[in-house]
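Counting starts at 1 for both ligands and their atoms, in listed order.
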Amino acid sequence: MLKEFKKRVIGQDHIFNTVCSYIKIGEAGLAPDNEPRGAFLFLGPTGTGKTETAKVMADLLAVPLIRFDMSEYSNPTKWLNDFAFKLEGKEKGIILLDEIEKGAKEIMDYFLQILSEAKITVDRKERNVRNFYIIMTSNIGSKNLLDQNFKEMKFTVEIRVRGYFRPEFLGRFHRNCILCFKPFDYDTITEIAHLKVRQEIKRLETHGYSLTYSETIIPKLVFYVSLDRDLGARPLVQAIQEIFPAALLDSGKKSGRFDVRNGHIALL
Ligand SMILES: Nc1ncnc2c1ncn2[C@@H]1O[C@H](COP(=O)(O)OP(=O)(O)OP(=O)(O)O)[C@@H](O)[C@H]1O
Ligand SMILES: [Mg+2]
């Protein structure tokens with residue numbers, strides 16, 4: 001599982017030992033009594049793989065991902081009702097609270113009980129989450145830190161996070177389960193470019209095309225997005241999702257190799 005995580009989420013190896021160790025304990029049924037199988041708080045800059053890690057984890061464990069975009073929840077009651085609704089009929093899974101700082105602060109208070117007793121009462125009905133993992137993500141404190149090295153950055157983020165959330169909330173995450181994602185260096189973004197190009201080609205092939213790519217397109221793609229360094233891998237993913245289908249349609253071909261022609265990526 002460790003290897004698979006590292007293959008699919010690039011440049012964040014430092015978090016997967018912890019994540020996999022808790023998953024092992026959780027899957028063996030040995031998590032502390034009356035707690036969820038595991039709970040993680042993912043911090044760090046935008047576009048560095050926090051949400052992606054939750055998706056990969058759901059895939060590897062073959063359980064549903066129950067995602068809440070917390071920016072939709074300024075009203076705690078609405079969240080509680082949606083929570084009960086989305087969990088209905090599910091025995092296990094991963095509960096993802098994405099971008100928690102964008103939701104009502106009161107919602108985090110529900111998690112004092114959820115994280116320490118693995119249950120919550122909605123409409124006088126008790127809902128047990130003992131067999132679930134909980135992942136929360138937040139960019140809090142991660143802006144304008146790209147000029148710091150990772151150790152300094154992590155330290156600053158943790159201090160800012162401590163200033164934002166209540167200690168009794170943060171204290172409910174087990175040792176090492178508050179994890180900070182790294183910004184990318186050139187080599188990492190290059191590796192992500194390879195991964196995303198392969199994934200995009202696979203996706204296009206499901207539409208009946210037969211495709212390969214030349215290595216020369218990779219530095220080209222990385223160059224396109226180097227100006228948006230503080231947005232993580234997102235601009236790269238978006239560039240690939242636009243350039244590849246556009247080049248495909250421009251060529252009018254059903255098969256070929258993506259390569260650089262006259263300074264642009266084209267299907268040859
Ligand atoms: N480390 C990574 N390895 C592979 N792909 C990545 C990585 N980081 C980001 N991506 C890709 O970039 C896009 C954005 O990533 P993701 O949604 O995980 O970012 P995030 O860290 O959750 O950002 P935010 O804090 O803005 O929510 C996705 O398409 C994802 O596949
Ligand atoms: Mg995210």
Looking only at protein heavy atoms, which one is nearest to [atom], and how far off is it?
atom	value
atom 5 (N) of ligand 1	Lys196 CE, 3.3 Å
atom 4 (C) of ligand 1	Arg8 O, 3.6 Å
atom 3 (N) of ligand 1	Ile10 N, 2.9 Å
atom 23 (O) of ligand 1	Gly47 N, 2.8 Å

Close N or O approach (Asp98, ligand 1; < 3.5 Å):
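N/O-N/O distance under 3.5 Å: no.
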For ligand 1, indicate whether the residue [X] contacts it via side chain, backbone, both or neither (heavy-atom separation under 4.0 Å).
X	result
Thr51	both
Thr48	both
Glu99	side chain
Phe184	side chain
Val237	side chain

Does Thr51 put an N, O or S atom under 2.8 Å from the Mg ion (ligand 2)?
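It does: Thr51 brings an N, O or S atom closer than 2.8 Å to the Mg ion (ligand 2).
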Tyr133 and side-chain contact (heavy atoms from CB on, under 4.5 Å): which partner among Ile23, Ile95, Leu96?
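Result for side-chain contact (heavy atoms from CB on, under 4.5 Å) with Tyr133: Ile23.
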Exercise: do Asn139 and Thr46 side chains pair donor with acceptor under 3.5 Å
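Thr46 and Asn139 do not have a side-chain donor-acceptor pair below 3.5 Å.
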Could you verify whether a donor N or O on one side chain and an acceptor N or O on the other, from Asp82 and Tyr73, lie under 3.5 Å apart?
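Yes, Tyr73 and Asp82 have a side-chain donor paired with an acceptor closer than 3.5 Å.
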Flag this pair as yes if the NZ/CZ of Lys182 is under 6.0 angstrom from the six-membered ring centre of Phe150 and inside a 45 degree cone about the axis; otherwise no.
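Pair Lys182/Phe150 counts as cation-pi.
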I want to confirm something. Looking only at heavy atoms, which of Gly232, Ala233, Ala193 is nearest to atom 12 (O) of ligand 1?
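Ranked by closest heavy atom to atom 12 (O) of ligand 1, first place is Ala233.
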Best match, Arg234, Lys55, Gln241: closest heavy atom to atom 14 (C) of ligand 1:
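Selected option, by shortest heavy-atom distance: Arg234.
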In this structure, does ligand 1 have an atom that sits under 4.0 Å from one of the heavy atoms of Thr137?
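No, Thr137 has no heavy atom closer than 4.0 Å to ligand 1.
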Who pairs with Phe42 by ring-ring contact (aromatic ring centres under 6.0 Å, His included), at least two apart in sequence or on another chain?
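Phe181.
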Please determine whether a side-chain nitrogen of the Lys or Arg among Lys50 and Asp98 lies less than 4.0 Å from a carboxylate oxygen of the Asp or Glu.
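Salt bridge flag = no for Asp98 with Lys50.
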Determine whether the aromatic ring centres of residues Trp79 and Phe85 are separated by less than 6.0 angstrom.
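No, ring centres 6.0 Å or more apart.
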Using a 3.5 Å distance criterion without hydrogens, assess whether the side chain of Thr48 forms a donor-acceptor pair with backbone atoms of Gly232.
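Pair absent, no side-chain N/O of Thr48 close to backbone of Gly232.
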Work out which heavy atom in Val122 is nearest to a heavy atom in Ala84; give both atom names and the distance.
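Looks like CG1-CB, 3.9 Å.
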